[in-house]
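Just so we're on the same page: letters track the sequence lines, and every chain starts at 1. Since the structure is predicted, the reported quantities are computational estimates derived from the model, not experimental observations.
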Amino acid sequence: MASQETRYSPAELEPRRQKLWAEMGLDRTPEPSKERRENFYALSMFPYPSGNLHMGHVRNYVITDVIARSQRLKGKRVLHPMGWDAFGLPAENAAIERGVDPAGWTEQNIAQMREQLSRLGLSIDWDREVTTCRPNYYRWTQWLFLQFLDAGLAYRKEATVNWDPVDQTVLANEQVDADGRSWRSGAIVEKRKLRQWFLKITAVADELLDDLASLDGWPERVRTMQANWIGRSTGATLRFALEQDPSEVVEVFTTRPDTAFGVSYVVLAPEHELVDQLTSAAQQAEVADFRQELQSISEQDRLAEDRPKRGVATGGYVLHPFSGERVPVWIADYVLPDYGTGAVMGVPAHDNRDFAFARQYDLPITTVVVSLGSSEPSDAPNEAFTEVGELVNSAQFNGLQGEAAKEAVIEAAVAAGVGDAKVTYRLRDWLISRQRYWGCPIPVIHCDDCGAVPVPEDQLPVELPADAELDGSGGSPLERHPSWSRVPCPKCGKPARRETDTMDTFMCSSWYYLRYTDAANSELPFSVESTAAWMPVDQYVGGVEHAILHLLYSRFFTKVLKQRQLLNCNEPFRRLLTQGMVQGVTFRNPSTRRYVAPAAVTDPMKPLDPETGEPLEVFFEKMSKSKHNGVDPGTVVERYGADTARMFILFKAPPEKDLEWDDADVEGQYRFLQRIWRLADGAREAGMNLSASLTLPTELSKADQELRRAVHIAIEAISEDLDGEELQFNTAVSELMKLSNAMAGSLASATEAVAQEAVQTFLILLAPFAPHLTDELWEQLGGIGSVHQQQWPLLDAAALVRDTVTVVLQVKGKVRGNLEVPANIDKESLEQLALASDVAQKWLEGNPPRRVIVVPGKLVNLVP
RNA sequence: GCCCGUGUAAUCCAAUUGGCAGAGAUAGGCGACUUAAAAUCGCUCCAGUGCGGGUUCGAAUCCCGCCACGGGCACCA
């Protein structure tokens, strides 16, 4: 009879399996258990619905899906949801450019992306889908804003803020990069003085910083980035009274109160409010010129470190808080108005900046700290001594050292009423106002008599008007709307105006993971019970670009909601995996700097510019349209199937690392899955039936033992890769390949029960990675139910045991031979065997070794 | 300048955390099958782990000093 060979055809099989899963409700979240540890929350950072799924999304969601699927097989109740970060500028810009409706445009994109996502076979519970731009979601974003307002953590103030001239809105500090560019538009931001809404994230700065230590499931570098961003520094304020009016003081912040007696001058930021009062008549013109000049240069230039420090004397004097001596007051560009108190004490002997400044303007340098046990201070040091040490020239503080010196000075300052211990932060309050239409309206009404009045809860949501004019003419579209903002004051009923700013979209994404736990709740954003069951998220997966932004804001929300007793967890994300980028091969002509599309390159081994014939540079870069190096997930899925795409992405690189897209490797994965198909085909033809109940014989042949060993090695290794300290999908896939190689050579000749165990185990282990193929084969081989409803295989430690092991025989640390010995041999016998071996005879030349190192099961090292 | 990460075969990546540098894959070479090609199967070439020291019986792994690349922070008082 001819063989009934079948073909692996993902295009036919994958949609069919997906349909079955949907009918079975396989991805639905089970009722959570009361026992928290039975529940597992697997979460991907939700996407902005641009309408186009890209490879970065695929990598993100496939990683989370493997985790979700494997946890289900391990018997956990899994929550694995998906949603849309759907407010944002692209929708509004599309409206301006093409006259489309932002809501319709967004919904259409969501439908399109949901469709693209569904082709990947992700086990997502779509019943809990969350869309931040829909009133039934943003109603609760508004409700939460009112919680912040009620807690005194939301306030409006006039401040110098970052203005994005391209997107025509303000931005939070976190949304401006080190080069002063907007995270979205890339435009250099401008400074503007505006009245805006802020959330008081600084109120929990200490918790945000200190609790980083508890996040041992987070990458170290993300924790460091957050710590740097929060930037806590501990020190003191000292007050210097004005000479001409001792009731006024200049307050400085310093981390080195112990250097107080080394002050030669005080420097104010040019913007400091006391500058005018301090400036003498003689210095008026010079001070004015200097301030004028600073106005004309950009923030960037002013802050560039390599610039020489510049300043002018105000002609005014203050009095030293301890000695009462006159201290001249300067203004200088290196003192920033919005850090600390906007004023510093100049201690040139012990601060590099002050030292440079003092040198430049010939100001006195007084040494007041010397290194421990050192001699006399040098009169003309050539650099600042910035370490802590022993105080000299410091009156009653002489001889004190290090921290004790700092504390003594602070204590004395407090006692004399001239200073306080003080902690400052780099972190600023979160600016959440945006002058745009497509965002969540801030639920506040401004009344001339009552001030800023919160919209009563029963009037939420404050919905966006559907008929706002979006023509890009500048200014807030809500503000220009003829009627939307005109409402009566909820308190007094007089005509009042709605707040027309919308919220930063990061507000919407700071709590979406809580909504998933209780997505249909119409009474509250989420119940305490539902978050208690699921929170914190067990595994969060997303890009490292949110190391500060989203991840810091979400931690902030969590802490505030806990204080408000709306939530009972301290940190939202227990474990965090930051996946690397997906990069595409890029060809560039080094002389013209132009990117050449890979399709135009005839020989990828020796790439030449099709126009000029010049050789091209080849490298990998983040996929983008302008570089012509994007690979469309849809095309790949169409050609090879979702399982191949998933396998490739997981196998090609460790999850945190950047991944270089390579068509040849994709082919390789496709071939692997085809081999699996043929392997199963063979087993089926040989009559394998997974539902047949077979028992392992007590005596196994050598070959059977080897196959079982391979199976259980795979169970052990893959379990560790998926659930251990470090998630390693690439090695898990290679373990699967190893097992399949072992099976290919031995399955046909193995005892029936051993072969069945091997195939069954293999399919379950592979199921999280290639869910469609494995489910199909499971069915073809007569398995009961779906492969995804099975139990994760149990490790049989006995199967790993070998009768004999090969130990390495070293002489003086160099490998000189092997020894095949019983696995359970004791140390002494192993040593005897080693000494008696030919290798020992040959290399020791009859002399007894000085030392013998025996590592049981591994090696014997003879040291002559 | 400071902090973090990464350097292993032509390429992507492993290495039970101090124990034979190679598991897996891609590409290449050879062979089998084929009239031929593709597919498939089998075999196979290629590194002593970025560099220089050190600790150790033994180092990719630990320590010290460098280099390269990537990322973060940066006049923060």
For this session: Answer with yes or no after comparing the ring centroid distance for A/Y265 and A/F357 against a 6.0 Å cut-off, counting only values under it.
Result: yes
Exercise. Quick one: is B/rA77 close enough that its OP1 or OP2 comes under 4.0 Å of any side-chain N or O from A/S233?
Worked result: yes
Exercise. Which part of the nucleic acid does A/D665 contact within heavy-atom distance under 4.0 Å: base, sugar-phosphate only, or nothing?
Worked result: sugar-phosphate
Exercise. How would you label the contact of A/E660 with the nucleic acid (heavy atoms, under 4.0 Å): base, sugar-phosphate, or nothing?
Worked result: sugar-phosphate
Problem set entry | Gap between atoms CG and C1', on A/D662 and B/rG28 respectively (whole Å) | 14 Å
Exercise. Roughly how far apart are A/D721 CG and A/F729 CZ, rounded to 0.5 Å?
Worked result: 9.0 Å
Exercise. When we call it a touch if two heavy atoms are under 4.0 Å apart, what does A/G231 touch: a base, just sugar-phosphate, or nothing?
Worked result: nothing
Exercise. When you check the phosphate oxygens OP1 and OP2 of B/rU26, does a side-chain N or O of A/R671 lie under 4.0 Å from one of them?
Worked result: yes
Exercise. On a whole-Å scale, what distance lies between the P atoms belonging to B/rA77 and B/rC13?
Worked result: 39 Å
Exercise. When the distance from CZ of A/R426 to P of B/rA74 is rounded to whole Å, what number comes out?
Worked result: 4 Å
For this session: Looking only at side-chain atoms of A/N861, point me to the closest of B/rG24, B/rC57, B/rC76.
Result: B/rC57
For this session: Report yes if a donor N or O on one partner sits less than 3.5 Å from an acceptor N or O on the other, where the partners are the side chain of A/E735 and the base of B/rG24; otherwise report no.
Result: no
For this session: Would you please classify the geometry between the A/H350 ring and the A/F385 ring as parallel, tilted or perpendicular, with 30° and 60° separating the classes?
Result: perpendicular
Exercise. Mapping A/T341 and A/V807 to their closest nucleotides on RNA chain B, which lands nearer the 5' end?
Worked result: A/V807
Problem set entry | Atom pair distance, as rounded to whole Å: CD1 in A/I230 and P in B/rC3 | 20 Å
Exercise. Just how far, in rounded Å, is P of B/rG71 from CD of A/Q579?
Worked result: 17 Å
For this session: Starting from P on B/rC13, measure out to CG on A/L736 and report it in whole angstrom.
Result: 19 Å
Exercise. Is the A/W661 to A/F620 ring centre distance short of 6.0 Å?
Worked result: no
Exercise. Roughly how far apart, to the nearest Å, are B/rC62 and B/rC2 at atom P?
Worked result: 22 Å
Exercise. Hey, mind stepping through A/D351 and A/R353 against salt bridge (Lys or Arg N to Asp or Glu O under 4.0 Å) and telling me if it holds?
Worked result: CA-CA 6 Å; A/D351 181 278; A/R353 293 154 301 182; 2.7 Å; yes
Problem set entry | P spacing across the pair B/rU35 / B/rC20, given as an integer number of angstrom | 49 Å
For this session: If the plane angle is over 60° it's perpendicular, under 30° parallel, otherwise tilted; pick one for A/H550 and A/H546.
Result: perpendicular
Exercise. Any side-chain N or O of A/R678 less than 4.0 Å from the OP1 or OP2 oxygen of B/rC41?
Worked result: yes
Exercise. Syn or anti: how is B/rU17 classified when any glycosidic angle within 90° of 0 counts as syn?
Worked result: syn
Exercise. Think A/N730 has a side-chain N or O under 4.0 angstrom from the OP1 or OP2 of B/rC12?
Worked result: no
For this session: Specify the separation, in whole Å, of atom CZ of A/F651 and atom C1' of B/rC13.
Result: 7 Å
For this session: Among the candidates B/rA77, B/rA27, B/rG71, find the nucleotide nearest to the side-chain atoms of A/A664.
Result: B/rA27
Exercise. OH of A/Y339 versus P of B/rC76: gap in Å, rounded?
Worked result: 9 Å
For this session: Would you mind telling me which of B/rA14, B/rC41, B/rC57 lies closest to the side-chain atoms of A/R675?
Result: B/rC41
For this session: Using Watson-Crick or G-U wobble geometry with both distances below 3.5 Å, tell me the partner of B/rU61, or none.
Result: none
Exercise. Partner of B/rC66 by Watson-Crick or G-U wobble geometry, both contacts under 3.5 Å, or none?
Worked result: B/rG50
Problem set entry | Shortest side-chain distance from A/R353, nucleotide among B/rC3, B/rC76, B/rG19 | B/rC76
Exercise. When the P atoms of B/rA60 and B/rC4 are considered, how many whole Å apart are they?
Worked result: 24 Å
Exercise. NA contact type, A/E656, heavy-atom cut-off 4.0 Å: base, sugar-phosphate, or nothing?
Worked result: nothing
Exercise. Partner of B/rA32 by Watson-Crick or G-U wobble geometry, both contacts under 3.5 Å, or none?
Worked result: B/rU40
Exercise. Counting just side-chain N and O atoms, does A/N741 come under 4.0 Å of either OP1 or OP2 of B/rA25?
Worked result: yes
For this session: State the pairing partner of B/rC73; accept Watson-Crick or G-U wobble contacts with both distances under 3.5 Å, and report none otherwise.
Result: B/rG1
Exercise. Quick one: A/L673 CG to B/rA39 P, roughly how many Å, whole number?
Worked result: 17 Å
Problem set entry | Along RNA chain B (nearest heavy atom to each residue), the more 5'-positioned of A/L859 and A/L659 | A/L659
Problem set entry | Whole-angstrom distance between B/rG50 and B/rG31, as gauged at atom C1' | 38 Å
Exercise. Taking the chi torsion of B/rG48, is it syn (within 90° of 0) or anti (everything else)?
Worked result: syn
Exercise. How would you label the contact of A/P654 with the nucleic acid (heavy atoms, under 4.0 Å): base, sugar-phosphate, or nothing?
Worked result: sugar-phosphate
Problem set entry | Charged N-O contact under 4.0 Å between A/D658 and A/K622 | no
Seminar exercise, completed: Across every strand shown, the nucleotide meeting Watson-Crick or G-U wobble geometry with B/rA25 (both distances under 3.5 Å) is B/rU11
Exercise. Once you round to the nearest 0.5 Å, how far does CD of A/E273 lie from CG of A/L268?
Worked result: 10.0 Å
